[in-house]
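Everything below concerns the one structure shown next.
Scope of the values below: all heavy atoms of this structure, side chains included, with no hydrogens, waters or symmetry mates.
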Amino acid sequence: MLALMQEEGHLQQLKNEQRGKILFVAALDLLQGRRSSSSDTINQQESDGTRYDSLFKNTITTTAKSSLQNNNSVDEEKGINNNEPPAILNLRFPFELKPDQVKAVEAWLANQCRGSIIYGSGTGKTEIAFECAKRTVAAMRSYGSRRVEDNHNNNNTTYIDDYYYDNNSTNIQGSFNILMLVPRIVLVEQNYKRLVSYGIPSEKIGRYFGEQKEIREITISTYHSAIDNKRRNPDIIKRANMVVFDEVHLASATARVFGRIFDVVAEDKDKALLGLTATIDEHDPVNSTIMALLPPVRKYLIKDAVDDRRLARPIIFPLKVMLTDKEQRAYEEYSKKIKTISARFKRYDPKAMMELLKSGGGGFPRWQARAWFLNVRKRKSLLASAENKLATTVELIKENHQQQKIMVFSETLESIRKLKQLLKIEGIDSALIDSRIPSLKRQKILSDWGSKFYPLLSVHTLEIGYDVPEAGVEIILASTYNMNQIVQRIGRVLRKVEGKNSASIYIIYVSETRDSNILALVKTAIESSGGRQAEENS
């Protein structure tokens with residue numbers, strides 16, 4: 001059955017082959033409706049640089065003044081020498097940035113070096129951030145200077161606070177401190193290696209996490225480490241002339257620990273701030289602080305990048321399964337209890353129910369809130385580990401993708417462990433990566449992927465920070481309703497390499513349950529535009 005479905009899917013793919021086409025193969029009747037498009041189009045600034053002059057006269061000068069105050073207190077830190085040009089000016093890419101990357105840099109600069117860039121996974125957000133930092137410093141040469149004439153000694157030096165030029169040099173002197181915040185340790189190492197490969201001296205780059213606490217002119221830190229440091233000494237954030245927030249959506253109000261960083265950066269109106277993310281709900285109140293400090297300056301989503309052939313074309317295979325009779329009875333029981341408690345207290349979502357749980361009243365209401373969460377977890381676990389869902393996954397891998405790198409995402413560790421055992425029974429080796437596996441062991445697993453085994457199983461760990469462009473097949477065992485997760489998961493297999501023009505994404509979901517909602521979310525994720533076409537036609 002699966003082999004036939006795959007063959008029919010590829011025939012339909014060939015019939016519909018055309019530039020930028022995103023295909024849903026099979027079960028298309030479940031996805032009827034108008035194509036989703038972005039409701040908001042971001043107005044772009046002119047990209048020829050002619051409008052920067054007035055912006056940088058204020059922005060760059062005040063940023064440099066902040067640099068003087070910060071840098072004088074950290075001269076003793078390793079790798080920082082205020083008699084040398086800023087380290088970021090050594091940045092040299094071994095390639096040309098794509099037009100969409102250049103436009104993102106220009107949009108951020110035009111917004112006075114503050115804002116978020118919302119670009120799909122695999123479109124080079126990291127390189128955009130590096131270029132933004134370099135261009136901020138470089139712009140000081142042309143737009144930020146002010147001349148101070150010493151009438152007593154006829155000193156013709158032109159000053160930008162602690163950055164200066166003399167009449168015989170165009171070099172900017174003095175450090176420009178950059179703090180790059182990332183959600184995971186793997187991204188600290190990844191960005192360190194990239195910066196070194198792009199020409200930044202390794203002694204100018206600090207890695208700040210765990211027991212490794214290096215503060216340099218360019219410091220890469222996890223969010224958690226920066227917050228821990230803030231409790232003792234906030235200088236790691238305050239000293240920075242520019243802060244980059246990678247995966248900025250993770251710093252929303254729901255992550256109060258991460259959100260504390262905004263309390264520090266908000267104190268300095270002159271600090272350059274850049275947010276990077278593949279997706280964020282601009283209208284969700286939990287993101288209000290992010291939207292205020294880092295408003296979106298440019299969007300370039302999956303559909304835009306596919307149309308431009310920057311990403312591989314996703315081909316979606318929805319696969320519907322049913323619960324067993326026993327599972328169906330359990331599902332209905334859990335759902336009935338959830339609905340009853342919600343109706344009793346007029347609270348229908350986790351946030352409202354959490355408020356009830358934390359209320360000071362105690363007794364029956366709190367007990368009911370705990371029961372509500374318990375049944376939600378049981379229902380989620382049931383859907384994740386549904387017998388037919390796991391069996392279909394094993395059959396799909398066995399019949400169609402035994403010798404291909406394949407990524408499998410599920411919602412619970414229990415379900416992914418069950419899947420690993422079922423694959424083993426069929427003689428198929430696989431590996432599981434979760435957050436508890438040490439970094440070195442993860443790297444060993446990734447190096448063995450494609451030789452010693454082909455299915456790579458994960459819950460959330462592989463969603464962020466792992467570049468595996470050679471992987472072109474993905475299975476998502478539905479039950480997530482989080483758009484950020486969906487976008488991140490889809491983005492894992494859309495990165496292009498030579499010879500890879502499309503990627504197969506299987507969505508295995510349980511019919512007539514909450515699982516079914518994922519199809520509409522996936523459709524929205526891959527067909528939403530960042531307004532690129534409207535921008536080009538304006």
Side-chain angles (χ1 to χ4, degrees), residues 41-67 85-93 96-119 123-146 160-161 163 165 170 172 174-181 195 198 200 217-218 240-246 248 265 268-277 290-300 304 530-532 535-536 538:
T41 300
I42 297 178
N43 295 322
Q44 301 298 321
Q45 301 286 350
E46 295 180 51
S47 61
D48 59 4
T50 57
R51 300 182 63 182
Y52 293 164
D53 195 4
S54 60
L55 295 172
F56 284 124
K57 281 181 180 177
N58 294 325
T59 306
I60 300 301
T61 326
T62 51
T63 298
K65 180 184 292 184
S66 173
S67 173
I88 194 64
L89 291 182
N90 292 290
L91 184 73
R92 298 290 185 275
F93 295 123
E96 288 189 10
L97 293 180
K98 302 294 184 182
D100 59 87
Q101 293 174 302
V102 174
K103 288 180 180 179
V105 174
E106 291 171 343
W108 182 77
L109 291 170
N111 201 50
Q112 302 189 40
C113 302
R114 284 203 169 190
S116 291
I117 292 168
I118 305 176
Y119 269 42
T123 54
K125 292 188 294 294
T126 302
E127 284 69 28
I128 290 171
F130 297 161
E131 183 69 9
C132 282
K134 181 179 179 180
R135 291 274 294 273
T136 299
V137 175
M140 296 175 187
R141 300 186 184 202
S142 302
Y143 302 105
S145 64
R146 61 178 176 84
I160 311 176
D161 295 311
Y163 295 93
Y165 323 128
T170 59
I172 300 174
S175 62
F176 183 80
N177 297 323
I178 301 167
L179 173 63
M180 188 168 194
L181 297 170
L195 283 168
Y198 296 154
I200 306 298
E217 189 174 339
I218 301 173
N241 306 115
M242 177 177 178
V243 181
V244 179
F245 299 85
D246 192 21
V248 68
V265 298
D268 187 349
K269 305 298 182 183
D270 303 326
K271 199 182 296 293
L273 303 175
L274 172 61
L276 304 173
T277 184
I290 297 174
M291 291 298 102
L293 274 176
L294 301 165
V297 295
R298 197 170 194 275
K299 298 178 185 177
Y300 188 75
D304 303 313
R532 180 185 59 82
E535 170 195 326
E536 292 176 350
S538 62

Legend entry - Given V248, I117, L274, the one that forms side-chain contact (heavy atoms from CB on, under 4.5 Å) with L294: V248
Inset, instruction - State whether the side chain of N177 and the backbone N or O of N241 hold a donor-acceptor pair below 3.5 Å, judged by distance alone. - result: no
Inset, instruction - Find the distance between CD (E106) and CG (N111) and round it off to the nearest 0.5 Å. - result: 13.5 Å
Legend entry - Min side-chain heavy-atom separation M291-P296 under 4.5 Å: yes
Legend entry - Any E131 side-chain heavy atom under 4.5 Å of Q101 side chain: no
Inset, instruction - Mind listing the closest non-hydrogen atom pair of A107 and R298 along with its distance? - result: CB-CB, 4.2 Å
Legend entry - Aromatic plane relationship, F93 with Y198 - under 30° parallel, 30 to 60° tilted, over 60° perpendicular: perpendicular
Legend entry - For C132 against M242, the heavy-atom pair lying closest together: CB-CE, 4.2 Å
Legend entry - Side chain to side chain, K98 and T123, heavy atoms closer than 4.5 Å: no
Legend entry - From D246 atom CG to M180 atom CE, the distance as rounded to the nearest 0.5 Å: 5.0 Å
Inset, instruction - Kindly give the heavy-atom pair with the smallest separation between R135 and V105, and that separation in Å. - result: NH1-CG1, 3.9 Å
Legend entry - I178 CD1 to I88 CD1 distance, which is reported to the nearest 0.5 Å: 4.0 Å
Legend entry - Exam field: side chain K271 to backbone V243, donor-acceptor pair closer than 3.5 Å: no
Legend entry - Min side-chain heavy-atom separation I290-F245 under 4.5 Å: no
Legend entry - Backbone of L91 reached by a side-chain donor or acceptor of K134 within 3.5 Å: yes
Legend entry - Side-chain heavy atoms of L89 within contact of F176, under 4.5 Å: no
Inset, instruction - Measure across Y119 and K299 and return the closest heavy-atom pair with its distance rounded to 0.1 Å. - result: CE1-C, 4.0 Å
Inset, instruction - With L273 as reference, evaluate D268, V265, V244 under the side-chain contact (heavy atoms from CB on, under 4.5 Å) test and give the passing residue. - result: V265
